There are 2 protein chains.
Amino acid sequence: MPRNSDKHERLVEAAKHLIHQQGFGQTTLADIAEESGVPLGNVYYYFKTKDDIASAVIDEHMREFRALAAEWEKQPDPKRRLLAFLDMPSAMRDTVASHGCPVGSLAQELNKEHSPLAQQADNLLKAHLDWVRKQFRELGRADADDLGLQMIATLQGVSLLCNALRDPVIVDRQIKRLRVWLEAL
Amino acid sequence: MPRNSDKHERLVEAAKHLIHQQGFGQTTLADIAEESGVPLGNVYYYFKTKDDIASAVIDEHMREFRALAAEWEKQPDPKRRLLAFLDMPSAMRDTVASHGCPVGSLAQELNKEHSPLAQQADNLLKAHLDWVRKQFRELGRADADDLGLQMIATLQGVSLLCNALRDPVIVDRQIKRLRVWLEAL
DNA sequence: GTCTATACCACGATAGAC
DNA sequence: GTCTATCGTGGTATAGAC
């Protein structure tokens, strides 16, 4: 067990970045070892398999999401919470243009494999969706489930197109549109 | 040069299906050879590299898109052309739930590599986008570019979520919403 | 707990017989 | 043109010294 060392943490952090940039399949254990400054063979002291690293990365994404959600929930009403949520993709516009959405692209990749990792990534995406839907419900919308899906789908689609067209301005424009849409709701 | 043989065609067709189902990285030449009934070593008579096969697959997608577009363009007005366009994802709802959008997921995967294939897949996605934008322009909309992006982004996002949640009904509902939106435009 | 060296295997690609 | 056999590389995972 990792004790007084931060190597475990460094490995997960390196894997998180590399997987976002290169995808899970393209990222080798050697890449992760190098980026985190841990010798290759030593990686197996912390993780039994490559899949275990990916699993830890998804867990980390989930923790980060929960921490952000706790921040957004400090807003006094659901509409402002949703607007706060939109700050996330806005702030990531450049990295989205370069590598897409870290959670959406990972989920899509893992869903092509038959590994149980896919389910875990899907749950992460579902956590985003559920949180947004909850806000729409608190707004009193009977069609909260559809609205939430519409919002997350738009963000995922915009990320994909923004990445394919390599144009961060797409994120700006479409998020602005979503803000207007929210305000008017 | 392939002449009186359909092996070339069978290889591309097999690769197209397998890449959609498993992704490009996960699909091996052995898979493609087996599915198309061509011996492994013989694949290299038709394609110099694995990338060349992917390139041919993307070309094939492009041809199919152009053929469909030619059909849609038989509709008398742009609104009906856009509605006809939406029949495609509707008809594919089950395979989208199983494996995502064949062009969107491929583009996202290839954009994580540094290969020139990414550009080719991006062009395919852009062809879809350009066609839709053209229809909005012919509808007389000054914001045609935004509307087109909004529509393609929605479809891509819906495909991704539908795949992650494994629920084809999501496609039905959201396409229905898009139809209503179009009618009202 | 840490690191080196290496086993082992899958896959892309090639050689060369027919 | 077709197919078999095989090479070489690179990547996951392990053995075992320190």
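Within every chain, numbering begins at 1; the chains are lettered A, B, ... in the order of the sequence lines, protein sequences first and strands thereafter. All figures in this text were calculated on a predicted structure; none of them were measured in a lab.
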Worksheet item: When you measure from the side chain of A/Thr49, which nucleotide among D/dG11, D/dA13, C/dC11 comes out closest?
Response: D/dA13
Item to complete: Let me know, please, whether A/Thr28 or A/Gly41 comes out on the 5' side of the other along DNA chain D by nearest nucleotide.
Response: A/Thr28
Worksheet item: Should B/Leu178 and B/Met88 be regarded as members of a common hydrophobic cluster, given that ILVMFWY residues are connected when their side-chain heavy atoms come within less than 4.5 Å of each other, either directly or indirectly?
Response: yes
Discussion item. Expressed as a whole number of angstroms, how long is the span from B/Ile53:CD1 to C/dC11:C1'?
Written reply: 13 Å
Practice prompt. Can you tell me the distance, in whole Å, between the CZ atom of A/Phe47 and the P atom of D/dG11?
Written response: 20 Å
Discussion item. Would you say A/Lys7 places a side-chain N or O within less than 4.0 Å of OP1 or OP2 belonging to C/dC3?
Written reply: yes
Worksheet item: Out of C/dG12, C/dC3, C/dT2, which nucleotide sits closest to the side chain of A/Tyr45?
Response: C/dT2
Worksheet item: Are A/Lys74 and A/Glu71 within salt-bridge range, i.e. N to O under 4.0 Å?
Response: yes
Item to complete: Decide, yes or no, whether a salt bridge links B/Asp146 with B/Arg141 under the criterion of side-chain N to carboxylate O below 4.0 Å.
Response: no
Response to the item:
note: B/Asp52, atom CG; C/dG12, atom P; distance rounded to Å ~ 13 Å
Worksheet entry | Integer-rounded Å distance: D/dA15 P and A/Lys48 NZ | 14 Å
Worksheet item: Would you call A/Glu138 and A/Lys134 a salt bridge, taking side-chain N to carboxylate O under 4.0 Å as the test?
Response: yes
Fill in: For atom NZ of B/Lys50 and atom P of D/dT9, their distance in whole Å
19 Å
Discussion item. Could you tell me how far apart A/Asn42 (CG) and D/dT14 (P) are, to the nearest whole angstrom?
Written reply: 15 Å
Discussion item. Just the rounded figure in Å: distance from P of D/dA13 to OH of A/Tyr44.
Written reply: 4 Å
Discussion item. How many whole angstroms separate atom CG of A/Leu29 from atom P of C/dC3?
Written reply: 16 Å
